[in-house]
Number of protein chains: 2
Amino acid sequence: MPKQTDVAKLAGVSTATVSRVINARGVVTEEVRQRVQSAIDALQYVPHASARALALQRSGTLGAIIPTLNNAIFAEGINAFERAAQLRGYTFILAVSHEEREQHAEQVIRMIERGVDGLLLVGNDHEPVVFERLEKAAVRHVCTWAFDEGARAPNIGFDNANAMHEVVDHLVSLGHRDIGVLAGIAAHNDRARERVHGIVKRLNYHGIALPASRIVEVAYSLRDSRRAFWQLIDHDVSAIICGNDVIAQGALLEALKMGLSIPGDLSIIGFDDLELSAELYPALTTVHVNAQRMGERAAGALIDAVENKTHVLSQQLDTHLVVRGTTGLCKEIDANSPTIDLADRATV
Amino acid sequence: MPKQTDVAKLAGVSTATVSRVINARGVVTEEVRQRVQSAIDALQYVPHASARALALQRSGTLGAIIPTLNNAIFAEGINAFERAAQLRGYTFILAVSHEEREQHAEQVIRMIERGVDGLLLVGNDHEPVVFERLEKAAVRHVCTWAFDEGARAPNIGFDNANAMHEVVDHLVSLGHRDIGVLAGIAAHNDRARERVHGIVKRLNYHGIALPASRIVEVAYSLRDSRRAFWQLIDHDVSAIICGNDVIAQGALLEALKMGLSIPGDLSIIGFDDLELSAELYPALTTVHVNAQRMGERAAGALIDAVENKTHVLSQQLDTHLVVRGTTGLCKEIDANSPTIDLADRATV
DNA sequence: CTGAAAGCGCTAACAC
DNA sequence: GTGTTAGCGCTTTCAG
């Protein structure tokens, strides 16, 4: 592989000049610039990023550590993050933790080794050592998919608990009182915990209890969700709130398969608003999350902080309920009995 | 950030010794090893990957350039590729081309700059300059999602054309003669082209023509697929072969919505066998592709070649038709007329 | 405007 | 066994 010296020799200049041309810094005669450029083209010279990173003490890379790519919502966010990074000239390094806790701290260290300029993490639930290392190494980082006031690191995401308020309000206004939850696995996952917490809190606000037996934890997969659905159905619920759309899709598919009429017999609500959710029949009522924007914002915030030598700023994104075809009036409500008017209390 | 010199000083040894301890090469007294290790822990020393790469002339990274992450099949393959890379100690660099042709050659150069030890590409349809650069830089690479004898670079994937043979045979054996195709966009996409080519060839083998009007190109999205579905339906087909499962899911959803009975009125076949396809009702008949294995194999082959200083070996993976609920007898076939017996010709 | 030279942090001979 | 030293390819003062 040709190196800068080769280009310099061929162009009859010093390596310093070649460097100036490549990085468009300092001033170089147009004539020299062209000579260098020709040499670069002729040799198909490609600069050596590691050498550059070593001299510059900046790698020009952004990293991300995510739980999995096998969930469309993460894939979408990462897709956008990568694109934004690329547009601003940064290379993207990805690590998938595959939900394995031990991997995580290890992966953060790998990212520090690689000298990433900025790092995206998912959620706020990370071991303290993770933040210590990151701070010590002065690697800017941002926790996404969550927005908590008390978080140790900057957050770019939404309030998972609050997002559930309108979900609960919606169901309650339709007369539902017996509500079940098909939640994501809570361990090491603050998003899943916060969502359940938000549901409990808001039901409580409406004077409705949520017995533990009506909360079932399930992995984010269609198959697991279909199986878990049965555990809940036994508990005589008229509506199910799901930890995300994959779970909701599983529940919907299973409900339809067992011959239930949706939303006649049962209401179902998801979270994420995946492309598919709008296309199913009936289309899924769910909470819309703009993962693409979150990815773009995270990349932008990280890069801004790096280039302006400032701190990463938190940003709260919003979510909103998209009412579609899987939620309807609770059939156990007598049509003549007064339905609760939420107008005076439902606003947050 | 502490560097090797700091560790060396604190442990009272030379940097060479520190290096030996870290890389577990050469021999070091157990006592010294421990002293160095303590120093590393005390300082929370993290080696500098760029400096290492520069000295070693190997980066310890693997790269991948893919069209998008917003298609579960790529996400799955990349997820597996990353995992395999990580398990063998390699860092993963990802670039998404977002289907933009110009980006592509540029991205390959970025990968070379980063000094990736191995690179995964999707399909064989890349500009010659891409291969030239890669060969010149001696970066091992592999083209996935395809297996073509004549390909310039090593392939780890399946034969897209051949995969369609059993699809066609299946439909023909069910009596279908009026077949439509909802194909992926052919431009810059050899996989999409090969699939259509395989269909045409096999139909031809059965003496069935496929008029151009019955081939509709469509982007890989549910929404586009639903729209395109109408163009095909006008052409009076009894079965539709889709470029992938996303397209097939869109077609299925739209068909059900318009009140068609599936497979009674229309048969539909997909490609990829996404998790969802098995869960829909009726479940989708489709071609199973093991993207996870493909990702693992690609990473393994790349790393083997790098570490053994050999060439990357091609591997052909197989696909197979999974017959589920969206394909059935062609209703236009008179039940009494002799159905064609394929037993003697259907084997490839 | 351009060149010379030092140094980024690490590894690999080669001495000792 | 362990230390010394010379780069790996690039950028960046500092002279000129």
Side-chain angles (χ1 to χ4, degrees), chain A residues 1-37 39-40 43-61 91 109-110 112-117 137-138, chain B residues 1-37 39-40 43-61 89 91 109-110 112-117 137-139:
Chain A
M1 279 277 83
K3 30 197 207 180
Q4 225 180 56
T5 348
D6 302 322
V7 176
K9 206 161 295 172
L10 195 120
V13 298
S14 71
T15 62
T17 301
V18 176
S19 178
R20 289 188 187 104
V21 170
I22 290 177
N23 301 300
R25 59 187 335 83
V27 211
V28 185
T29 321
E30 175 57 17
E31 190 259 322
V32 171
R33 204 195 58 69
Q34 287 191 7
R35 227 167 54 224
V36 172
Q37 191 56 56
I40 289 177
L43 294 171
Q44 293 204 317
Y45 165 72
V46 174
H48 192 298
S50 292
R52 203 153 186 277
L54 187 57
L56 235 38
Q57 297 293 77
R58 298 217 307 70
S59 68
T61 61
T91 295
I109 294 181
R110 295 284 89 81
I112 295 176
E113 273 187 15
R114 290 288 156 190
V116 294
D117 296 328
Chain B
M1 280 278 82
K3 31 196 207 179
Q4 224 180 58
T5 355
D6 302 322
V7 176
K9 206 162 294 172
L10 194 114
V13 297
S14 69
T15 61
T17 301
V18 176
S19 178
R20 289 187 187 104
V21 170
I22 290 177
N23 301 299
R25 306 155 124 59
V27 211
V28 185
T29 320
E30 176 57 17
E31 191 259 321
V32 171
R33 205 195 57 69
Q34 287 192 7
R35 227 165 57 224
V36 172
Q37 190 56 55
I40 289 176
L43 295 171
Q44 293 203 316
Y45 164 72
V46 174
H48 192 299
S50 291
R52 204 153 185 278
L54 187 56
L56 235 37
Q57 296 292 79
R58 297 214 313 74
S59 68
T61 61
T91 295
I109 294 180
R110 294 285 88 80
I112 295 176
E113 273 187 18
R114 290 288 158 190
V116 294
D117 296 328
V139 172

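Lettering follows sequence order; numbering is per chain, from 1.
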On a heavy-atom basis, the closest approach of A:Val116 and A:Thr61 is CA-OG1, 3.3 Å

Can you check the [X] [atom1] to [N] [atom2] distance for me, whole Å?
X	N	atom1	atom2	value
B:His48	D:dC10	NE2	P	16 Å
A:Asp6	D:dG9	CG	C1'	11 Å
B:Arg114	D:dC10	CZ	P	13 Å

Return the polar atom pairs (N/O with N/O) between nucleotides 1-4 of chain D and the protein under 3.5 Å, or none.
unit_1	atom_1	unit_2	atom_2	d
D:dG1	O3'	B:Thr29	OG1	2.7
D:dT2	OP1	B:Thr29	OG1	2.7
D:dT2	OP2	B:Thr29	N	2.8
D:dT2	OP2	B:Thr29	OG1	3.0
D:dG3	OP2	B:Ser14	N	2.9
D:dG3	OP2	B:Ser14	OG	3.1
D:dG3	OP2	B:Thr17	OG1	2.7
D:dG3	O6	B:Arg20	NH2	2.6

Could you state the interatomic distance from OG1 (B:Thr29) to CD (B:Gln34), rounded to the nearest 0.5 Å? 11.0 Å

What distance separates B:Met1 CE from B:Gln44 CD, expressed to the nearest 0.5 Å? 7.5 Å

Using C1' atoms of five pairs at each end, report the bend of the helix from C:dC1-D:dG16 to C:dC16-D:dG1 rounded to 10 degrees. 40°

With B:Gln57, which residues qualify under side chain to side chain contact (heavy atoms under 4.5 Å, CB included), at least two apart? A:His48

Run through A:Asp6, A:Val7, A:Val36 and flag the one making a side chain to side chain contact (heavy atoms under 4.5 Å, CB included) with A:Tyr45. A:Val7

Contact residues, residues 53-61 of chain B to DNA chain C [heavy atom, < 4.0 Å]: B:Ala55, B:Leu56

Take B:Thr91 and A:Glu113, measure what side chain to side chain contact (heavy atoms under 4.5 Å, CB included) needs, and give me the verdict at the end. CA-CA 10 Å; B:Thr91 295; A:Glu113 273 187 15; over 6 Å; no

Please output the side-chain donor-acceptor pairs of residues 15-22 of chain B that fall under 3.5 Å, not counting sequence neighbours, one pair per line with the distance.
unit_1	atom_1	unit_2	atom_2	d
B:Thr17	OG1	B:Ser14	OG	3.2
B:Ser19	OG	B:Asn23	ND2	3.3

Walk along DNA chain C from 5' to 3' and tell me the first and last nucleotide with an atom closer than 4.0 Å to a non-hydrogen atom of chain A. C:dC1 to C:dG9

